[in-house]
Amino acid sequence: MATIFTRIVNGEIPSYKVAESDKFYAFLDINPLAQGHTLVIPKQETDYIFDIEDKEYQELFLFAKRVAAAIKKAIPCKRVGVAVLGMEVPHAHIHLVPLQSEGDMDFRKAKLSLTPDTFKEIAEKISLSFE
Ligand code: AMP
């Protein structure tokens, strides 16, 4: 059965899209640690990120680098943090989180609750900065 992220890529489930290429897709995490928390995924479904073959793995991280640059431009932050967990969704994904301090990357903390309008506004801002 397709993962929830494949269903997002296929447009069966809505997402707040930030960037897309033929192979990769970036969208806002629905339970964000900070405004602008983004997930970057390969469209090709692989559960564990370190099972992705080398070329696609490199391209995924290069795509994530471009998304991180767009986040940095669009969202006031000191750094964009990077994490890979994969404890919940079995479809490889990279978390990009705008950081003001180390604590912003604590995945145990309470997530933000944002309105659809705010999600849309953030996604649009980041996507406009994506090059
Ligand atoms: P993990 O697999 O542990 O890296 O966590 C999966 C992440 O995906 C969590 O931060 C969820 O909030 C996020 N997530 C799950 N479903 C969706 C969805 N439909 N849209 C956006 N983010 C999601």
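Keep in mind the model is a prediction, meaning the values are calculated, not measured. Whatever order the structure lists ligands and atoms in, that order sets their numbers, starting from 1. For this chain, numbers begin at 1 and follow the sequence in order. Computed over heavy atoms, backbone and side chain alike; hydrogens, waters and symmetry mates excluded.
Put simply, no part of V84 is less than 4.0 Å from ligand 1, judged by heavy atoms. The closest approach between any non-hydrogen atom of L33 and ligand 1 is not below 4.0 Å. At least one heavy atom of G86 sits closer than 4.0 Å to an atom of ligand 1.
If you look at F5 next to ligand 1, the close heavy atoms, those under 4.0 Å, all belong to the side chain. Counting heavy atoms under 4.0 Å from ligand 1, residue F27 touches it through the side chain alone.
Put simply, L112 and I122 are part of the same group of oily side chains (I, L, V, M, F, W, Y) that touch within less than 4.5 Å, one to the next.
Heavy atoms from other residues, nucleotides or ligands lying under 6.0 Å from CZ of F107 number more than 12.
A perpendicular orientation is assigned to the rings of F5 and H93, their planes being inclined by more than 60° (bins at 30° and 60°). In this pair, F50 and Y48 present their aromatic rings perpendicular. The plane angle is above 60°, beyond the 30 to 60° band.
From the protein, the heavy atom lying nearest to atom 22 (N) of ligand 1 is I30 N, 3.2 Å. If you check which protein heavy atom lies closest to atom 19 (N) of ligand 1, you get I8 CD1, 3.7 Å. In terms of protein heavy-atom proximity, atom 15 (C) of ligand 1 is closest to E88 OE2, 3.7 Å. When only non-hydrogen protein atoms are considered, atom 7 (C) of ligand 1 lies nearest to D29 OD2, 3.6 Å. The protein non-hydrogen atom at the shortest distance from atom 1 (P) of ligand 1 is H93 NE2, 3.3 Å.
Closest heavy-atom contact between A64 and I94: CB-CD1, 4.0 Å.
In this structure, F24 has its ring center no closer than 6.0 Å to that of F61.
No N or O atom of I4 sits closer than 3.5 Å to an N or O atom of ligand 1. Close N/O approach between H95 and ligand 1 is found [any backbone or side-chain N/O within under 3.5 Å]. Below 3.5 Å of separation, one finds an N or O of M87 facing an N or O of ligand 1. Inclusion of V89 in the set of residues having an N or O under 3.5 Å from an N or O of ligand 1 is warranted.
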Y25 and V40: CA distance, side-chain angles, deciding distance, side chain to side chain contact (heavy atoms under 4.5 Å, CB included) verdict: CA-CA 6 Å; Y25 191 81; V40 180; over 6 Å; no
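L33 places none of its side-chain heavy atoms less than 4.5 Å from the side chain of D104.
Interatomic distance, NZ of K23 versus CD of E56, reported as 6.0 Å (0.5 Å rounding).
Interface of L85 with ligand 1, defined as ligand atoms under 4.0 Å from a residue heavy atom, comprises 3 (O), 4 (O).
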